[in-house]
Number of protein chains: 2
Amino acid sequence: MERLDEYDLKILRILQKDSSMSTKKIASALNLTASPVYERIRKLEKEGYIKKYVALLNKKRINKPVTAICMVSLRYHNEGFIDKFDSQIRKLSEVQECYHMAGKVDFFLKINVSGLDEYHDFVRTKLSKIDNIGVLESYFVLKDIIDTTEFYF
Amino acid sequence: MERLDEYDLKILRILQKDSSMSTKKIASALNLTASPVYERIRKLEKEGYIKKYVALLNKKRINKPVTAICMVSLRYHNEGFIDKFDSQIRKLSEVQECYHMAGKVDFFLKINVSGLDEYHDFVRTKLSKIDNIGVLESYFVLKDIIDTTEFYF
DNA sequence: GGTGAAACCAATGTGCT
DNA sequence: AGCACATTGGTTTCACC
């Protein structure tokens, strides 16, 4: 599929809001029958538009109420050091997002923990043990204003 | 999560990795039958551990390859101004995450766009139109190192 | 590309242990 | 709490348009 038509876009918009909707229900929302919707969804999966289906959990309910944003800059910036940071940060399961950035800050991290004690422990025994960290600044989330996985199109 | 036993935790771990797994398949992974697994999943939904089920899309495939992190600080910090920022930022569909922070930076934003032109436009015609913004700093993602919705427990 | 029917199989509900 | 079985209803395929 080289290009998505309006039906495909609508299917993607629905599925990224609620993937538990049945093919039948999506079909009736689009004034189609189940078969073409079923085939389109399969195609969107196969061609990589849909990465995966997941359950989103309530972080407060599962005892990870504290979110921190952490900005990291390395001391040295040759390729080896960046790759080394990459491979070490991937092992830290508290990190939900980590982006390599352009500019003064090298990495943004989003970290979920049960409380400040666990965060302290995370920084002390895990994050700060990674080689070559120059600057490390932590910020705590007071309130989630927007937190979605949807893309607008 | 005092009320959750090891089965519940395993179910949550599976569903946040892949919610398209059938009840039967989850059951056989836990050495159980479908009925108790089905009832546990219902309970986890009803009691708010599971917020929703969604499809995660491939941002490059759907033409939103550029991610920016934006740090915003307000000029004035009385309650009215914070609420006003809150209600105005929610209307901007490019923003996938927005957190109200403790400390020097007031808000972190994650923004997805099709390219730098669209980002320029977003900042010029939408973000900078919000009242009371003091500092606005943008950073661009070079590479996603970790980008998951899973919580580790 | 879409429709509708048929076969198949998972989700769901009940009753037993 | 879990298991087994029955029913409902969604998924998937396919012949036809």
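Basis for what follows: all heavy atoms, side chains included, without hydrogens, waters or symmetry-related copies. Since the model is a prediction, treat every value here as computed from it, not as a measurement. Naming convention: chains lettered A, B, ... in sequence-line order (proteins, then strands); numbering from 1 in each chain.
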Take atom [atom1] of [X] and atom [atom2] of [N], then tell me their distance rounded to the nearest Å.
X: A:Arg42; N: C:dG2; atom1: CZ; atom2: P; answer: 16 Å
X: B:Asn31; N: D:dG2; atom1: CG; atom2: C1'; answer: 13 Å
X: B:Met21; N: C:dA10; atom1: CE; atom2: P; answer: 12 Å
X: A:Tyr38; N: C:dG4; atom1: OH; atom2: P; answer: 19 Å
X: B:Leu32; N: D:dA1; atom1: CG; atom2: P; answer: 12 Å
X: B:Tyr7; N: D:dC3; atom1: OH; atom2: P; answer: 7 Å
X: A:Lys43; N: D:dT12; atom1: NZ; atom2: C1'; answer: 16 Å
X: B:Glu39; N: C:dA11; atom1: CD; atom2: C1'; answer: 12 Å

Ignoring hydrogens and angles, answer whether the base of D:dT13 and the side-chain atoms of A:Ser35 contain a donor-acceptor pair closer than 3.5 Å.
-> yes
What orientation do B:Phe107 and B:His100 show, parallel under 30°, tilted 30 to 60°, or perpendicular over 60°?
-> parallel
Touch check for A:Lys24, heavy atoms < 4.0 angstrom, all strands: base, sugar-phosphate only, or nothing?
-> base
Presence of B:Arg40 side-chain N/O under 4.0 Å of D:dG2 phosphate oxygens OP1/OP2 = yes
Closest of D:dC3, D:dT11, D:dT13 to the B:Thr33 side chain is D:dC3
Selection from C:dA11, D:dC14, D:dT11 that lies nearest to any side-chain heavy atom of B:Ser22 | C:dA11
Greater than 12 external heavy atoms within 6.0 Å of A:Lys17's NZ = no
What do you reckon, is NZ of A:Lys143 surrounded by more than 12 foreign heavy atoms closer than 6.0 Å?
-> yes
B:Asn132, B:Val72, B:Asp106 screened by side chain to side chain contact (heavy atoms under 4.5 Å, CB included) with B:Phe85, the one that passes | B:Val72
